[in-house]
Each structure stands twice: as structure tokens, then as C-alpha cells.
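What follows is a short report on a single structure.
From a predicted model like this one, the values you see are computed outputs, not experimental measurements. Counting starts at 1 for both ligands and their atoms, in listed order.
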Amino acid sequence: MKYSKEISRRRTFAIISHPDAGKTTLTEKLLLFGGAIQVAGAVKSNKIKKHATSDFMEIERQRGISVATSVMSFEYNDVLINLLDTPGHKDFAEDTYRTLTAVDSVILVIDSVNGVEEQTRKLMEVCRMRDTPVIVFVNKLDRDGKYPFDLLDEIEKELNISLHPLSWPINMGKEFKGVYNLYDKSLQLFTASQKSTEENTVPIPNLSDPLLDEKVGERDANQLREDVELLEGVYGPLDIASYRDAKVAPVFFGSAVNNFGVKELLDTFIRVAPAPLGRETDKRFVSPEEDKFSGFIFKIHANLDPRHRDRIAFMRICSGKFARNTFYKHTRLEKEVRFSNPYSFMAREKDVIEEAFPGDVIGLFDTGSFKIGDTLTEGEQLQFTGIPTFSPEIFKELVNKDPMKTKQLEKGIRQLTDEGVAQLFTQHGGIRKIIGCVGELQFEVIQYRLLQEYGASCAFVPMAFYKACWITGDKKAIDDFVRFKQGNVMEDKDGNLVYLAQSEWFLNTERQNNPGIEFHFTSEFKTAMAK
Ligand code: G4P
């Protein structure tokens, strides 16, 4: 329990949303409150352009910049907040899923006009798999959006979570007058400004107070009274334990671009969000309070400079204290490693740090010894779990265009897949290589980086596969299956057997024909079964 004080003052989280819902804008406002940036627009200018599909230089530039912005640490009211950025572009969804393994909670931004969108659904699924506590921020109340009760209904049904509103809007769009904070029992009047909202906050502990009519008009005051009566009847007070168990998601309404409702969100967040939590390993549960250090790599970023192949590995500290220049055990390689320049990401400046505590994310220079999911400890042989690989959505065969550069291509593709840019499947008992990605953009990135960083040129031939399923079962069933389905059975880069199904129909047929085999949609078989 040596580091309890450090642990309890940390909050590590990510903001997730469908592109355009307002994630970047909200991030920026939170950083302004934390004093991490001084001017609005600082985050915006670094943002991955959502529509840059083939501008390679743009990708390069963004890749570098996003190293600086992928973790943003700042202090607010004595709480050390580690905000992990997730890429907005859907082609980098896998990166987002992995980042979510390193956080203890998330804020989900929903656009009040568009409601639940495709990425919102997918991201929520990942949160549910891991029981990550969620706070919902319904954004863009200054626009004519969906009726709030309908929106709550939609979110609950579509995302399969129970909500608990902590604030409630008074109208929306042009008529938007503000939100009533159900937690603090205060009214916040909307002004379309970037200023602090304190001067517009009016305490109204009793809703029958005529002050409410004075502030928002009789009609809206009465509507609010009705709404709040209904809400309090249905929801009652928030049960923080249920939120932390990921059973209930508190909801706030606001407008990020107007900095409205953001401070309330942040104030509540630091009060209710969980401090750093423990993590499962292949051997046992590791608690953050343990004295001995442990941590895992959840993201690897190539260096900006293509002449150097060193990379930055992002490590989440899970227990104990990490110290600079100290030997730790790299459990996959079973070797001792130490770091002379570990980085923290305080206030957008990368600083060398001497120590770090559970919940912190640090950057480690890596010359190729890390893979996603690698674990460092003070000697204990264990491996953190819960960092699964998901089935890709697009598959292409990798074709070597320059036989003189075969070695470089092999090395390049191995390193890029270690970074998690894409997944590599090698034909079982053969040499064909199939690359699986979530989006087309990743193939462009791979092709470009193989050429730039490894001097290898390649082409991709599209393959009509629908899903990759990791297969397990008794030996005879697996052996028979592999023999009959040779063309479809591959190995992932850890040597696990994977079946590539052409369509859902094929997958279902194989499942019926092979009751002795289990088909899994992620590489971690316990967490999610193929449906
Ligand atoms: P993202 O990171 O989730 O993709 O969203 P981002 O913050 O970039 O916001 C997407 C667009 O929505 C931006 O407009 C942003 O200004 C706008 N926005 C964010 N919050 C609000 C809000 O509360 N109300 C309204 N009306 N708009 C909001 P844009 O036109 O794409 O960019 P910009 O030209 O404004 O920078």
C-alpha cells in the first residue's frame, strides 16, 4: 500500500465517439480547464484529418503528431488526469480498441442531432466486453436535436446500457436555455461563449422557487418541473457503485464548442470516476496497490524519422512504482530491460520522468523488442490479458514486387504487425501471406511505410474473406479440419490457427459440420465467442 496516495489521485480515461460528434472539441475544453493548453484550437490543428484517405504525407505528419497528443496528462483540482486519445478515423478502430484496454473509464460523446451512430455502437461493445464504466455526454444542444427522452431511449436500447441523467436540458437549438443539474440542484443558463460558466450558475434547490420562472420563463419552468419530477421518480439518486461496475452510465447534456456543461462533466468525473484499477494476467489478478511494479504495452508508434526504426512503446503502469534506469523483466522474451529516457506526456511536452505510478502511461523508446500486449514486471513471470486481437474486416494477399528485397519485406511486415498496424496471417504449412485490416487506409499506410522505412515494394490482391476466426478444439477435430480446409486455414503471427471464412454462411456451415471446434472472433478466446 506504499503508493496509495499517488494511486487515488489519478484518473485514466479516454473520450470516445463517432467521428464528428465532438470528441476533439471536448478534449480541447478539458485541456483548457486543466491548464494544459492556453488557447482554443491547439488540439484541433493536430487532429487526424478525417477525409485524408490517400495523402501519404498527411498520414506521416499525423502519425508523428499523434504521438504527442495520444496521451495528455494534466492536473485539475489536485487530480492527475491521464486522457488517452483515440483516433477518429474508423480505419484505425483497432488502435482505439487497444487504447481502451489501458483506461479505467470512458466518456462517450453523442451528437444530439445524430444520436447513436455506427462507431458509437462498436466502441460501446468494446467497453462492455471489459466492463468499462461510461459517462455519456450528449453534445450539440445548441442545435435542433432529438427530444431528450427519445434520445435516452435510443441510447439505452441501441447500446444496451442503463442511463442515469445527472443534468437535464431546457429546450434545444435556438430555444436552448440551459441545463438543470440534478446532482447539485442548480440551473445553468446557456450563453454561447467560451467563458467560464460560473457566473451563469443559479442554485435552485427547490424547483417551485419562482426564481426559475424568472430565469427561463413560465412555460419552460413548468416543463422542467414536470421533466424533473418524472426523472427523479424513475431514476432516484445515482448509485456510484453501479456506475463503477459499468451497470449504469451517468448522462450530461451540453455543448462542447460553447464550453457549456463541460466543467460540470469534469467536476463530476473526478468525483465519481474510478481511480486506477487492477488488471487480469494469465496467472492472477494484479492489484494497483501491490508494491512491485508491473505494466503492459498497449500501443506502439513508429518514430517520425523514417531513417531511424526506433519506436515509442506506450506502457500503462498497473502496479507498484516504475523507476528510470531500473532493470525490469520483459516476460515474453524472459530478459531484463531498462530504460534511460522514459517519457511522460504532461501538458503536451514530452518530459523524461524518474518515476511513474499505476494509471500512468509512459513512452518507452523501443528498438523492436516490444509487441502489443508485452508485460514488464519486477521479476514475476506473468502476462497481462485482455488485449485481444479482433477479426479484421478487409483481407488482401501480400505480393512481393521486388524479390531482391524479400528479407526487408519480411522484416518490415513483421515489425508493422507488431505495432498493430495490421494483422498478418501466414498460410498453415505454406508461405502465402494475407494481411487483414479494419480499413482501406491501413493498406495504404503499410505500402507506404514498407517502401519508405524498409525499401520494400509490395502490392495487395483483394481476397473475398468475411471474417477471421481463431479455432480451438480437440486435436483430432482440428487436424481433420485443417486437412479439409487447407486453403482457408492460416496462422496468426503467434502461431495460433485461424480459419478465414468467405461468408457468414460458410462460417455457420463449418460450425454445424464441426461440433468439436470452437470459432472465436478475437484472439482471446475467453472474452468473446464468435456469434
Ligand atoms: P470529433 O473529434 O468527434 O470528430 O468532432 P469535432 O470535435 O471535430 O467536432 C466536429 C464538428 O462539430 C466541428 O465542426 C465542431 O466545431 C462541431 N461541434 C463540436 N461541438 C459542438 C457543439 O456543441 N455545437 C455545435 N453546433 N457544433 C459542435 P466542424 O465544422 O467540422 O469544424 P470547425 O470548422 O468548427 O472546426
Side-chain angles (χ1 to χ4, degrees), residues 13-33 36-37 39-53 58 62 65-66 68-72 83-93 95-96 99-100 106-124 127 134-146 148 151 155 167-179 188-197 200 251-266 439 441:
F13 79 110
I15 304 180
I16 54 175
S17 76
H18 187 87
D20 269 344
K23 180 169 74 73
T24 315
T25 314
L26 179 62
T27 302
E28 184 178 288
K29 301 301 178 215
L30 294 178
L31 294 182
L32 281 167
F33 280 116
I37 53 171
V39 287
V43 178
K44 194 94 201 163
S45 57
N46 283 347
K47 171 176 171 175
I48 291 187
K49 261 201 194 150
K50 280 164 262 169
H51 308 295
T53 45
E58 186 64 19
Q62 300 294 359
I65 288 166
S66 61
T69 55
S70 359
V71 183
M72 290 157 279
L83 169 51
L84 275 54
D85 192 25
T86 54
H89 200 292
K90 74 167 175 37
D91 286 8
F92 294 102
D95 206 20
T96 300
T99 298
L100 292 182
V106 303
I107 292 180
L108 170 65
V109 184
I110 290 188
D111 181 331
S112 67
V113 182
N114 296 333
V116 173
E117 298 173 85
E118 190 196 342
Q119 282 295 102
T120 332
R121 263 181 224 106
K122 289 196 178 162
L123 289 162
M124 217 18 242
C127 291
V134 176
I135 293 181
V136 176
F137 182 73
V138 178
N139 191 26
K140 306 197 185 179
L141 262 289
D142 57 320
R143 296 183 55 197
D144 286 314
K146 299 185 178 182
L151 202 54
I155 300 170
S167 75
W168 196 250
I170 302 165
N171 299 330
M172 57 179 64
K174 285 199 185 68
E175 295 285 302
F176 183 47
K177 293 197 177 150
V179 293
Q188 241 187 291
L189 294 167
F190 176 66
T191 48
S193 79
Q194 311 278 332
K195 284 193 307 231
S196 149
T197 49
N200 303 315
V251 183
F252 286 86
F253 291 84
S255 168
V257 80
N258 291 299
N259 203 0
F260 188 77
V262 178
K263 187 172 177 297
E264 293 62 39
L265 173 73
L266 183 57
L441 186 51

Backbone of Gly261 reached by a side-chain donor or acceptor of Ser255 within 3.5 Å
no
Gly254 N/O under 3.5 Å from ligand 1 N/O
no
Using a strict cut-off of 4.0 Å, indicate which atoms of ligand 1 neighbour a heavy atom of Pro19.
4 (O)
Consider ligand 1: state whether an atom of it lies below 4.0 angstrom from any non-hydrogen atom of Asp142.
yes
Report the relative orientation of the aromatic rings in Phe253 and Trp168; use parallel for angles under 30°, tilted for 30 to 60°, perpendicular for over 60°.
perpendicular
Does the N or O separation between Ala256 and ligand 1 drop below 3.5 Å for any pair?
yes
Given the options Arg143, Lys146, Lys140, Asp111 meets side chain to side chain donor-acceptor pair (under 3.5 Å) only with Lys140
Minimum distance, heavy atoms only, to atom 9 (O) of ligand 1: which one of Thr25, Thr27, Val257 is it?
Thr25
Using heavy-atom distances, let me know which of Glu28, Lys140, Gln119, Lys23 sits nearest atom 3 (O) of ligand 1.
Lys23
A student checking ligand 1 against Ser17 at a 4.0 Å heavy-atom cut-off should list atoms 3 (O)
Determine whether Gln119 and Thr96 make a side-chain contact, defined as any pair of heavy atoms from C-beta on separated by less than 4.5 Å.
no
For Ser255, the ligand 1 atoms whose distance to one of its heavy atoms is below 4.0 Å
22 (C), 23 (O), 24 (N)
